[in-house]
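Residue indices begin at 1 and follow the sequence shown.
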Amino acid sequence: MTIMFTKYANDKFAVLERHGFVVTKVQVEQVLKTPDAVDASRAPVYIAQRRANDERVLKAAYKKEGDIVKVLTFYPGKTDAQ
């Protein structure tokens, strides 16, 4: 699987860092490769989710284009326990 980031997704790293939520490309790639859950209800856009810590999950919205996974955006969310 080849993972590509859109310009918007690449810019999102700095936006989240300014808000105190530091995310790396490796973390986003882990969400896509080993998600805890995937929401396909908005196909062809999928949303993968993986626990980031006790309070947050990291979600990544993406499209599949053959063997390429194109990351559209990613964002933190609260865990179900919150």
Side-chain angles (χ1 to χ4, degrees):
M1 159 178 26
T2 302
I3 299 173
M4 296 179 58
F5 290 78
T6 62
K7 180 182 180 332
Y8 182 84
N10 274 316
D11 293 345
K12 190 77 177 251
F13 290 102
V15 171
L16 289 178
E17 187 173 351
R18 284 195 305 268
H19 291 281
F21 193 82
V22 178
V23 178
T24 66
K25 280 191 174 184
V26 170
Q27 288 173 303
V28 175
E29 290 171 355
Q30 287 175 340
V31 170
L32 298 170
K33 291 177 182 176
T34 57
D36 294 332
V38 176
D39 178 358
S41 67
R42 295 176 180 93
V45 175
Y46 299 88
I47 301 173
Q49 171 179 306
R50 182 180 165 115
R51 183 178 287 269
N53 57 40
D54 289 341
E55 301 167 356
R56 298 280 182 197
V57 293
L58 180 59
K59 297 184 179 192
Y62 65 96
K63 281 187 174 183
K64 296 178 188 177
E65 297 177 355
D67 290 342
I68 298 172
V69 172
K70 186 182 287 188
V71 180
L72 306 173
T73 190
F74 54 91
Y75 51 95
K78 291 185 178 182
T79 61
D80 291 335
Q82 293 275 315

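Below 30°, between 30° and 60°, or above 60°: for Phe74 and Phe13 the angle between ring planes is between 30° and 60°, a tilted geometry.
Taking each heavy atom of Ala61 and Val45 in turn, the nearest pair found is CB-CG1, 4.2 Å. In terms of heavy-atom proximity, Leu32 sits nearest to Ala48 at CD2-CB, 4.3 Å. What you find for Leu16 and Pro76 is that their closest heavy atoms are CD2-CD, 3.8 Å.
Residue pairs meeting the side-chain hydrogen bond (donor to acceptor under 3.5 Å, both in side chains) criterion with at least one partner in residues 60-77, sequence neighbours excluded, are Lys12-Thr73.
Ile3 contributes atom CD1, which lies 10.5 Å from atom NZ of Lys25 (distance to the nearest 0.5 angstrom). Interatomic distance, CE of Met4 versus CG of Asn10, reported as 10.0 Å (0.5 Å rounding).
Through side-chain heavy atoms spaced under 4.5 Å, either directly or across other Ile, Leu, Val, Met, Phe, Trp or Tyr residues, Val15 is tied to no other residue.
In this structure, Leu72 is not a member of the same hydrophobic cluster as Val38, with clusters built from ILVMFWY side-chain heavy atoms closer than 4.5 Å. Hydrophobic clustering places Val71 together with Val23 (ILVMFWY residues linked when any side-chain heavy atoms are closer than 4.5 Å, directly or through intermediates).
Residues meeting the salt bridge (Lys or Arg N to Asp or Glu O under 4.0 Å) test with Arg42, sequence neighbours left out: Asp39.
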Pair Asp36, Val57 - check side-chain contact (heavy atoms from CB on, under 4.5 Å), show working. CA-CA 10 Å; Asp36 294 332; Val57 293; 5.8 Å; no

Can you list the steps and then say if Arg50 with Thr34 is a side-chain hydrogen bond (donor to acceptor under 3.5 Å, both in side chains)? CA-CA 8 Å; Arg50 182 180 165 115; Thr34 57; 2.4 Å; yes

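A heavy-atom distance below 4.5 Å is not found between the side chains of Tyr46 and Val69. Residues Val31 and Gln27 form no side-chain contact, since every pair of their non-hydrogen atoms from C-beta on lies 4.5 Å or further apart.
Heavy atoms of other residues, nucleotides or ligands lying less than 6.0 angstrom from CZ of Phe21 number more than 12.
Thr79 contributes no side-chain N or O that, together with a main-chain N or O of Arg56, makes up a donor-acceptor pair within less than 3.5 Å.
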